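Keep in mind it's a predicted model, so treat the numbers as computed, not measured.
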Amino acid sequence: MSNVAFVLGNGESRQGIRIAELKPHGKVFACNAVYRTEEPDYLVAVDPKMILEIAETDYPKTHEVWSNYNHQYSKNENAKNHIKWFSPSLGWSSGPTALKMAADKKFSTIYILGFDYQGHVKDEKNKRFGFNNVFKDTRNYKKSNEEATYYGNWMSQTKRVINDYKNIQFLRVVPKTAFKPHDLEFSENLKHLDIDEFCRIHNVQRHK
C-alpha cells in the first residue's frame with residue numbers, strides 16, 4: 001500500500017483537481033456528491049439524504065461507500081446490502097470522518113483538500129459568509145446565495161484527528177490567500193501547502 005492518502009472535502013479551493021489524477025499517487029477518500037462525476041477509492045457520506053441519493057444508483061454495488069447505519073436504510077435494498085457501516089459511529093461530519101478513516105489506515109502522509117472551513121466573505125465585520133461548496137445549487141445542498149454553515153464542529157473534529165495521530169504528517173492544500181484557522185496553528189504535524197506547489201509535486205493540473 002502507498003504511504004500517501006488524499007482526503008477531499010468539497011470546499012471550492014479544490015475546484016479543478018481530478019481524483020483520477022491523484023489515484024496513481026495514493027488512496028483517495030472523498031465525500032458525498034463526488035460520486036456523481038468521480039470515483040474515489042472510498043466514498044464517505046453520513047447525511048441520510050445523501051446516502052439515499054447514492055443508493056438510488058448502482059454506485060454502491062461497485063464502489064466502497066461508508067456511512068453510519070440508520071434504521072431508515074433497512075427499507076432500501078442498495079443501502080442495506082451494499083453500503084458499509086462504521087462501527088462504532090463517530091457521529092461526525094463527512095469530511096472529518098473520512099480523515100479519521102484515512103488516519104486509521106496508518107498512511108504516513110495525508111493531504112487534505114477542500115477543507116475550507118470558512119465560507120465566502122460577504123460581511124466580515126458582522127461575520128456573514130456565503131456558502132462554499134463545489135456542489136452548491138444542486139440536490140441536497142444549499143443555494144449559493146445562502147449563508148455558510150458555521151465550521152466549528154468540522155474544525156474540532158479535524159483537530160482531534162490531527163492530535164490523535166501525531167505520527168502522521170498532514171498537509172492542508174489551499175491557495176496562499178486561503179483562510180488558515182487559528183485552531184490549527186499549534187499542530188506540529190499539520191502544515192499548509194500552496195495548491196500550485198501541490199500540483200507541481202504530483203504533476204496534476206487544475207482543470208476548469
Side-chain angles (χ1 to χ4, degrees), residues 1-46 50 54 59-60 62-67 84 86 90 92-118 132-135 151 154-155 157-176 178-181 184 187-208:
M1 179 183 288
S2 167
N3 283 324
V4 174
F6 304 91
V7 179
L8 277 62
N10 290 323
E12 293 171 36
S13 67
R14 72 159 182 84
Q15 193 88 49
I17 301 292
R18 291 185 180 166
I19 287 174
E21 294 182 18
L22 298 179
K23 278 186 168 184
H25 304 284
K27 293 294 182 182
V28 180
F29 300 72
C31 304
N32 298 322
V34 162
Y35 86 97
R36 295 173 185 168
T37 56
E38 299 192 85
E39 300 178 45
D41 295 292
Y42 304 94
L43 179 70
V44 175
V46 300
M50 183 55 64
I54 295 166
Y59 190 91
T62 54
H63 302 79
E64 280 205 37
V65 182
W66 286 81
S67 188
K84 300 177 186 299
F86 291 111
L90 288 175
W92 289 5
S93 301
S94 296
T97 299
L99 186 63
K100 172 73 161 55
M101 184 181 184
D104 282 341
K105 293 183 181 295
K106 297 181 168 51
F107 294 95
S108 60
T109 303
I110 297 178
Y111 292 92
I112 305 170
L113 294 89
F115 278 48
D116 293 359
Y117 301 111
Q118 191 178 79
N132 171 354
N133 194 289
V134 295
F135 297 108
Y151 61 84
W154 304 332
M155 173 58 58
Q157 292 160 10
T158 303
K159 190 174 177 181
R160 181 170 168 183
V161 175
I162 292 165
N163 288 337
D164 284 352
Y165 295 84
K166 293 190 180 297
N167 59 327
I168 297 176
Q169 177 65 65
F170 296 93
L171 293 143
R172 178 176 176 247
V173 179
V174 286
K176 285 179 181 175
F179 171 65
K180 295 181 175 64
L184 296 181
S187 301
E188 293 182 2
N189 57 327
L190 178 130
K191 292 184 171 65
H192 293 92
L193 177 66
D194 176 56
I195 195 163
D196 292 330
E197 179 64 19
F198 170 83
C199 289
R200 284 193 291 272
I201 291 169
H202 296 286
N203 193 28
V204 298
Q205 296 182 1
R206 295 187 72 186
H207 300 270
K208 293 183 179 180

Evaluate side-chain contact (heavy atoms from CB on, under 4.5 Å) for Lys23 paired with Asp41, printing each intermediate quantity in order. CA-CA 8 Å; Lys23 278 186 168 184; Asp41 295 292; 3.9 Å; yes

What's the shortest heavy-atom distance between [X] and [Y], and which atoms?
X      : Y      : answer
Val7   : Gly95  : CG1-O, 4.2 Å
Arg206 : Cys199 : CG-SG, 3.6 Å
Thr158 : Leu99  : CG2-CD2, 3.8 Å
Asn32  : Met50  : OD1-CG, 3.7 Å
Ile19  : Glu39  : CG2-O, 3.8 Å
Ala103 : Tyr165 : O-CE2, 3.6 Å

Any donor-acceptor pair under 3.5 Å linking the side chain of [X] with the backbone of [Y]?
X      : Y      : answer
Asp116 : Ser13  : yes
Glu12  : Val134 : no
Asn10  : Asn133 : no
His202 : Phe198 : no
Gln157 : Pro96  : no
Asn132 : Gly11  : no
Glu21  : Gln205 : yes
Ser67  : Ala45  : yes

Validation row: [X], [Y] side chains within 4.5 angstrom (heavy atoms):
X      : Y      : answer
Leu8   : Pro40  : no
Met155 : Leu184 : yes
Arg172 : Pro181 : yes
Arg18  : Glu38  : yes
Val46  : Trp92  : no
Trp154 : Phe115 : no
Ile201 : Leu193 : yes
Phe170 : Val161 : yes

How many angstroms lie between [atom1] in [X] and [atom2] in [Y], if you round to the nearest 0.5 Å?
X      : Y      : atom1 : atom2 : result
Asn167 : Phe107 : CG    : CZ    : 13.0 Å
Ile195 : Lys176 : CD1   : NZ    : 12.5 Å
Lys84  : Met101 : NZ    : CE    : 9.0 Å
Ile168 : Ile110 : CD1   : CD1   : 4.5 Å
Lys27  : Leu22  : NZ    : CG    : 13.0 Å
Lys106 : Asn3   : NZ    : CG    : 13.0 Å

Go through it in stages, so that I can follow the logic: the residues are Phe135 and Val34, the test is side-chain contact (heavy atoms from CB on, under 4.5 Å), and I'd like the CA-CA distance, side-chain angles, deciding distance and then a yes or no. CA-CA 9 Å; Phe135 297 108; Val34 162; 4.1 Å; yes

For Glu64 and Leu43, run side-chain contact (heavy atoms from CB on, under 4.5 Å): C-alpha distance rounded to whole Å, both residues' side-chain angles, the deciding distance at 0.1 Å, then the answer. CA-CA 6 Å; Glu64 280 205 37; Leu43 179 70; over 6 Å; no

Taking the ring centre of each residue, are Tyr111 and His25 less than 6.0 Å apart?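 Distance test on ring centres: not under 6.0 Å, no.
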
Give me the ring orientation class for Phe29 and Tyr42: parallel if the planes are under 30° apart, tilted from 30 to 60°, perpendicular past 60°.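 Correct class here is parallel.
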
Go through the steps for Asp104 and Lys100 under the test salt bridge (charged side-chain N to carboxylate O under 4.0 Å, His left out), then give the verdict. CA-CA 6 Å; Asp104 282 341; Lys100 172 73 161 55; 3.1 Å; yes

Verify the neighbour count for atom NZ of Lys180: are there more than 12 heavy atoms of other residues, nucleotides or ligands below 6.0 Å?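 Yes, enclosed.
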
Set out, in order, the CA-CA distance, both residues' side-chain angles and the distance that settles side-chain contact (heavy atoms from CB on, under 4.5 Å) for Phe86 and Val44, then state yes or no. CA-CA 10 Å; Phe86 291 111; Val44 175; 4.2 Å; yes

